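Remarks on the structure that follows.
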Amino acid sequence: AVWCRTWSEELVSRQKRVIGCIELRKVLQGVSAEVGRPVSRLVMGHTVQRQGINPEYKGMAWRIDVGLSRGVAGASPEALEIVDGEVNVLRAETPVLLGRGFPERPDIDFPEANACSLIDH
């Protein structure tokens, strides 16, 4: 597993995007060498994406935490499907609204934690 914050940020500057792309490409090359086969992307969670599941860095990074839990953001469910290397985002046709914020702590919004996980297929 690879842990980071860098590639989960939404709305990054062009400079950060260029640097992040270079760094991520190096990480993917290193992981590919380690596992003995090509690894083309990382999938990251634990950093809520307000726009839903989304790619970054030319599809090398996929951010999948939509804040589904009612205790986090109460967002509509989404899933990342990868079949034979093809990536699709699955969303409900009609949003499922689960509510927003912690019932006992309405002052808590989005968490700042982040994790990256290696895609193994």
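Hydrogens, waters and symmetry mates play no part in the numbers below; they use all other heavy atoms, side chains included. If you're wondering where the values come from, they're calculated on a predicted model, not measured in any experiment.
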ask   = Of N88, V89, V87, which is the lone residue that meets side chain to side chain contact (heavy atoms under 4.5 Å, CB included) with E81?
value =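 That would be N88; it is the only one of N88, V89, V87 passing the side chain to side chain contact (heavy atoms under 4.5 Å, CB included) with E81.
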
inquiry  = If you define the side chain from C-beta out and look only at heavy atoms, does anything of R63 sit under 4.5 Å from Q51?
reply    = yes

inquiry  = What I'd like to find out is whether the side chain of W7 reaches to under 4.5 Å of the side chain of M60, using heavy atoms alone.
reply    = no

Does [X] belong to the same Ile/Leu/Val/Met/Phe/Trp/Tyr cluster as [Y], with side-chain heavy atoms less than 4.5 Å apart forming each link?
X: V35; Y: V27; result: yes
X: L42; Y: V18; result: no
X: V31; Y: I22; result: no

query = Would you say Q49's side chain and T47's backbone share a donor-acceptor pair under 3.5 angstrom?
reply = yes

Closest heavy-atom contact between [X] and [Y]?
X: Y57; Y: C21; answer: CD2-N, 3.5 Å
X: E78; Y: I53; answer: OE1-N, 2.8 Å
X: V39; Y: L28; answer: O-CB, 3.7 Å
X: G85; Y: R41; answer: O-NH2, 3.2 Å

query = How many angstroms lie between CG in L80 and CE in M44, if you round to the nearest 0.5 Å?
reply =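 The distance works out to 10.5 Å.
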
ask   = From E23 CD over to K16 NZ, what is the distance, rounded to the nearest 0.5 angstrom?
value =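 Spacing of CD (E23) from NZ (K16) equals 10.5 Å.
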
